[in-house]
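A short worksheet on the structure shown next.
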Amino acid sequence: MSGNDTVQREHKDTVFHDLFSEKENALSLYNALNGTDYQDTDGLEIVTLSDAIYIQRKNDVSVLFQNQLALWEHQSTVNYNMPLRGLIYYAHNIDGILRSKGTALYGKKLVKIPAPMYYVFYNGLEKVPAVQELKLSDAFLMPVEGYEWTAHMLNINAAENEGLLKRCLVLEGYVMLIRYIQEHQKEGIRLQEAVDKAIKRCIDENFLKEYLLKKLAEVKLMLITEFDQELYEKTILKEGIEIGIEQGIEQGIEQGMETGMKKGVSRLRRLYMLLSHENKTDDMERIMWDEDFCNKLLQEYNL
């Protein structure tokens, strides 16, 4: 599948994506979800859609294994549109897989495709059930039988899902890393320091220790960007709602969100990319811990 751009692994926007884009970690999560004990990763493929092709129309991780297409998405906010989003993800993934194989759909012969398995891992601060089955049919304007799509939403903060975390230690480490950042932020600690403290705490407690030590600077950037992006999108949503109230129409909210998505690449991420292009590795590391230096460079690069 490496010959087709629609099924490449090119983006690493979040720690969740980065972790479970590794075959060993993906297999561990697959086993934990399905109660299996597969050990050989040779038959497993990471087929996450390319950032360049679909931009916002892609999920975090797509895994092709055992004639199934497992779609995994992590969410820090509750979103009841996940069934529809998942259906779109699945369609785009299947389209990429069929195109990579040169499979045509116009012949008489039935084309066999991988069965879907769609999970949403929620790790936000709202109190939600440990397990929810979100149905596409709930969004239908009128009831109709015979068409359904399900998003299995798991609150990975819930005590009821601790068994899942124990079966997949990488997922447990991810949960603890995000939890520690959230705890430090509640204490009033600024984001960069909260990330630093959370990473150190995870290393000391042996959560994702090898991964964090190996990719320290990159993980810091992903976490800071991810939390920064979450705050930015909430701000854009608030502005969109205000526009909608002023105009008296829902279109204002949609326009606000659309504006947010178009501007969604954070200033910090763009700065990091510019420094990377100029091979300024020392500066790339320094912006992770020196806020004044980071702000100085943001001004210099007019970001």
Side-chain angles (χ1 to χ4, degrees), residues 10-21 51 55-56 60-61 73-77 121-125 156-157 170-171 173-205 207-238 260-303:
E10 291 185 356
H11 75 293
K12 288 189 178 181
D13 296 338
T14 68
V15 172
F16 183 91
H17 169 86
D18 195 43
L19 280 169
F20 292 104
S21 290
D51 210 12
I55 309 177
Q56 298 299 331
D60 282 315
V61 181
E73 178 89 353
H74 93 287
Q75 288 284 302
S76 58
T77 56
F121 300 93
Y122 171 77
N123 67 337
L125 298 175
I156 49 180
N157 292 325
V170 177
L171 184 62
Y174 168 76
V175 169
M176 298 310 297
L177 177 61
I178 300 301
R179 182 176 300 170
Y180 289 161
I181 294 173
Q182 293 168 340
E183 288 179 1
H184 290 312
Q185 284 189 302
K186 283 183 179 180
E187 297 169 358
I189 299 174
R190 62 189 180 90
L191 178 57
Q192 291 191 16
E193 185 179 353
V195 168
D196 287 338
K197 285 179 173 292
I199 289 176
K200 183 180 185 304
R201 189 171 171 184
C202 282
I203 292 173
D204 290 343
E205 297 176 8
F207 291 121
L208 301 178
K209 182 175 182 178
E210 183 178 345
Y211 170 77
L212 293 173
L213 289 173
K214 180 180 179 181
K215 307 180 74 170
L216 183 60
E218 186 177 357
V219 171
K220 285 183 181 180
L221 173 68
M222 287 188 287
L223 289 169
I224 291 170
T225 301
E226 185 177 350
F227 276 77
D228 177 62
Q229 181 72 9
E230 180 184 337
L231 176 61
Y232 182 79
E233 289 176 356
K234 287 179 180 177
T235 302
I236 290 298
L237 175 59
K238 181 176 181 294
M261 297 311 293
K262 287 181 179 178
K263 296 179 179 178
V265 179
S266 72
R267 298 163 66 214
L268 183 58
R269 186 187 303 175
R270 282 180 281 162
L271 175 60
Y272 194 90
M273 292 171 63
L274 288 169
L275 295 175
S276 176
H277 181 71
E278 297 174 5
N279 292 320
K280 295 183 177 180
T281 54
D282 290 341
D283 288 351
M284 289 165 63
E285 171 68 22
R286 185 175 174 183
I287 65 173
M288 294 296 100
W289 55 267
D290 190 333
E291 186 174 7
D292 291 337
F293 179 70
C294 180
N295 289 331
K296 177 175 175 290
L297 290 187
L298 286 170
Q299 292 181 354
E300 288 182 2
Y301 284 89
N302 196 29
L303 295 175

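Below, each value reflects all heavy atoms present in this structure, side chains not excepted, and no hydrogens, waters or symmetry copies.
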Roughly how far apart are [X] [atom1] and [Y] [atom2], rounded to 0.5 Å?
{"X": "L216", "Y": "I203", "atom1": "CG", "atom2": "CD1", "value": "6.0 Å"}
{"X": "R201", "Y": "D196", "atom1": "CZ", "atom2": "CG", "value": "14.5 Å"}
{"X": "M222", "Y": "T14", "atom1": "CE", "atom2": "OG1", "value": "7.5 Å"}

Please report the shortest heavy-atom distance between [X] and [Y], naming the atom on each side.
{"X": "D60", "Y": "H17", "answer": "O-ND1, 2.6 Å"}
{"X": "Y180", "Y": "A198", "answer": "CB-CB, 3.7 Å"}
{"X": "Q185", "Y": "A194", "answer": "CG-CB, 4.1 Å"}

*CA sep, side-chain torsions, deciding dist, call: E300, K296, side chain to side chain contact (heavy atoms under 4.5 Å, CB included)*: CA-CA 6 Å; E300 288 182 2; K296 177 175 175 290; 2.5 Å; yes
Could you tell me if the side chain of [Y] sits less than 4.5 Å from the side chain of [X], heavy atoms only?
{"X": "F20", "Y": "V170", "answer": "yes"}
{"X": "K197", "Y": "E187", "answer": "no"}
{"X": "V175", "Y": "F121", "answer": "no"}
{"X": "I178", "Y": "F16", "answer": "no"}

Partner of [X] by side-chain contact (heavy atoms from CB on, under 4.5 Å), out of [options]:
{"X": "E218", "options": "K214, K215, K220", "result": "K215"}
{"X": "R179", "options": "N123, N157, L125", "result": "N157"}
{"X": "C202", "options": "L212, L208, I181", "result": "L212"}

_Qualifying residues under side chain to side chain contact (heavy atoms under 4.5 Å, CB included), relative to Q299, sequence neighbours excluded_ = none
*Assign the ring pair H74 / Y174 to parallel, tilted or perpendicular, where the plane angle (0 to 90°) is split at 30° and 60°.*
perpendicular
*Is any side-chain N of the basic residue among D204 and K200 closer than 4.0 Å to the acidic one's carboxylate O?*
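Answer for the salt bridge query: yes.
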*So, does Q75 use its side chain to make a donor-acceptor pair with the main chain of Y122 at under 3.5 Å?*
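Answer holds: no.
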